[in-house]
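Everything quoted here is computed from the prediction, not taken from an experiment. Every chain is numbered from 1, with letters handed out A, B, ... down the list of sequences.
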There are 2 protein chains.
Amino acid sequence: MKPVNLKRLAEELNLSIATVSRALQDSYEVSAATKERVRALATALHYEPNAYASSLRRNQSKTIGVVIPKVTNHFFALAINGIEEAARQRGYHVLIYLTHDDYAREVAIIQHLKGGRVDGILMSVASGTEDTAHIRSLRDANIPLVFFDRVRSEIATAQVTTNDYESSYQATEHLLAAGCRHIAHLLISNNLSIGRNRLQGYRDALHAHGLPPDPDLILAGTMNNEQNVGRLQDLMQHRPDIDGIFASVERLAVSAYHVCRQLGRRIPEDVKVVGFSNLESVSLFDPPLTTITQPAHDIGREAARILLQAVEKKRAISPSQSVVLNSELVQRRSTATA
Amino acid sequence: MKPVNLKRLAEELNLSIATVSRALQDSYEVSAATKERVRALATALHYEPNAYASSLRRNQSKTIGVVIPKVTNHFFALAINGIEEAARQRGYHVLIYLTHDDYAREVAIIQHLKGGRVDGILMSVASGTEDTAHIRSLRDANIPLVFFDRVRSEIATAQVTTNDYESSYQATEHLLAAGCRHIAHLLISNNLSIGRNRLQGYRDALHAHGLPPDPDLILAGTMNNEQNVGRLQDLMQHRPDIDGIFASVERLAVSAYHVCRQLGRRIPEDVKVVGFSNLESVSLFDPPLTTITQPAHDIGREAARILLQAVEKKRAISPSQSVVLNSELVQRRSTATA
DNA sequence: TTTATTTACGTAAACGTTTACACTCAGCTG
DNA sequence: CAGCTGAGTGTAAACGTTTACGTAAATAAA
């Protein structure tokens, strides 16, 4: 079967390729009658333009790349939803790349994307990333970038984040108000700004209420989940005075539940727990988990919106376009007072 | 700044574009010395080949498309993980498209993909899809396709599924053994083969144990979750004799929990619940949910493996390459006997 | 009428690769 | 020494679009 491309259409209609191309783009240079003829045949033959030829010629791919640590984190799944929604509305495609929080993978992915495969990149940085030269190099390649959630502020571009500091402050105060005095903080990673912001909110809230900081109560998570559980177990056993846990990321909140169960610590009677999470089913937990819930869908949509605007207007992205959205503290039984 | 492409490299090295291209592909026609010179400059200038030019010329994009209903379903998130893993290993890229279970969107996406943007497609059919002409048309466009999980057997291609019938039969028997006699079945959709298979496993298990089928106990879910909850509420109120619920999809299991709570029906004392689910945190539910857990990651990896093999060997995919993986029934307290 | 403008279309170059084919020059063979 | 071989490189066409430019005919302005 002969391929159906512009040449084929042109031959069958006795027109030039140029006219057919213009007709399909609804160019004013083509008469209405010709446009009609072309469109009729195009749909009849199920013509679909070759995306690669078009991309090559126009030097734009109508595709954005999304680089995230993992897709099994519900936050990122929701964010992708928002991204895909915004992208589809403008006729853009979405390429997904997973770093698995691994620095080397992130570098390889970014390098690859510099081949012009995408018009822009949305990125949430891997927790294993320390050096950011690979990200900076995107600027030379002229590929616009917008960070979301896990950002690196030393890169001058827009970022879409949540009010991590404030919500951590608020969550910590919530634990304090519930009577907690020895609150452990489970940190996602030292490399990530969201981790640092959340830690700072926790610290400042303690300080504001006259509680001294206790470095032993701060546990930095790793990529290895079993290791996290083990360390948390050690901590809880050595420090029976712990009466509150603030997990700065969903996975660690779940680990906290498991550890409390194993050690026979009752939630919320013995220990109150609050954690960042986007899982809808936390309300079914035993007991329902008090969460800080980020507007994940909106974050994705907003980040995509900023990126696509820049891509289409061919305008550079400045840090001033950054957006901060508010998370919500949802109180459930895991922090209830007797 | 001048673009760094083959032409640029060729000029700086006083070679022809052809030689540079061949050198970078490690062609035997190029002397070792030249290869070395070319490679050195390429890395020095951070040369990255233009993916679109290459795709256009070779007529292959090193990209596969993944078309799924949603990414917020944990099953699909895990499957994407498996797909991305298999794809990356072979140097392929992954485009994600979400149908949101909407037929029209699915048609538009498939039509778009026929433009040659992808070398192959992995697909889980939308529950809203009845007619499959758009899927069949992929064959004419010569784009290989592999189904996973939500398949349409009338399309002659490979499919990766789980033993839905057997695990449903087993889950139903598990409820029967726990003493249930009036088991409701929450169905995902009448359009999907997985729904039908799961329903059939439920029916046959009942029949094998001498229980008559009761159509009133079969509730077909819709895309509207609130509606599902409402209907389930009605059902549970009209039929206080219901002592078991078998949810054929995660979302409906969660809804069942909510409804039982609202109506004050205790799990597992009054009603026992089992559901398909890939959520790891079901063990934290109140009570922990007995699940049929699908090997989602393996499903994705296997489907991608079959597809990529066909793409690389330029070989058609036959239904005989289909794979059936086994799900696992994980017993937890939601089906415990007193 | 001549000249300018507009309308509708065609010609051909370009995007960056890949690759069939041609070519040159050593080093051989007979 | 003519003819051949093969290693290494170059020339140019091709992939399917888009688009700057050219052009012919029709219309409007002079």
Electrostatic pair [X]:[Y] at N-O distance under 4.0 angstrom:
X: A:D26; Y: A:K35; value: yes
X: B:E48; Y: A:K114; value: no
X: B:R150; Y: B:D101; value: yes
X: A:E11; Y: A:R8; value: no

query = Are B:Q111 and A:H46 linked by a side-chain donor-acceptor pair shorter than 3.5 Å?
reply = no
ask   = With no hydrogens and no angle check, do the side chains of B:N191 and B:S127 hold a donor and an acceptor under 3.5 Å apart?
value = no
[X] side, atom [atom1]; [Y] side, atom [atom2] - distance, nearest 0.5 Å:
X: A:L113; Y: A:D119; atom1: CG; atom2: CG; value: 11.5 Å
X: B:L98; Y: B:I109; atom1: CG; atom2: CD1; value: 7.0 Å
X: B:F76; Y: B:N81; atom1: CZ; atom2: CG; value: 14.0 Å
X: A:H112; Y: B:R88; atom1: NE2; atom2: CZ; value: 11.0 Å

remark   = In 5'-to-3' order, the base (B), backbone-only (S) or no-contact (-) status of each nucleotide in nucleotides 19-24 of chain C, using a 4.0 angstrom heavy-atom cut-off, is BB----
request  = Specify the residues of residues 38-48 of chain A, ordered by number, for which at least one heavy atom lies under 4.0 angstrom from an atom of DNA chain D.
outcome  = A:Y47
Degree of bending in the helix from C:dT1-D:dA30 to C:dG30-D:dC1 once both end axes are built from five pairs, to 10° = 60°
Beyond-backbone contact of A:I83 with A:R301, side-chain heavy atoms, under 4.5 angstrom = no
task = With heavy atoms under 4.0 Å as the rule, sort A:N59 into base, sugar-phosphate or nothing.
result = nothing
ask   = When the distance from CG of B:L6 to C1' of C:dG16 is rounded to whole Å, what number comes out?
value = 7 Å
key: Below 4.0 Å: OP1/OP2 of C:dT17 and any side-chain N or O of B:S55   = no
query = Taking only N and O in the side chain of A:S31, is any of them less than 4.0 Å away from OP1 or OP2 of C:dC9?
reply = yes
task = Select from A:K35 and B:A53 the residue whose nearest nucleotide in DNA chain C is closer to the 5' end of that strand.
result = A:K35
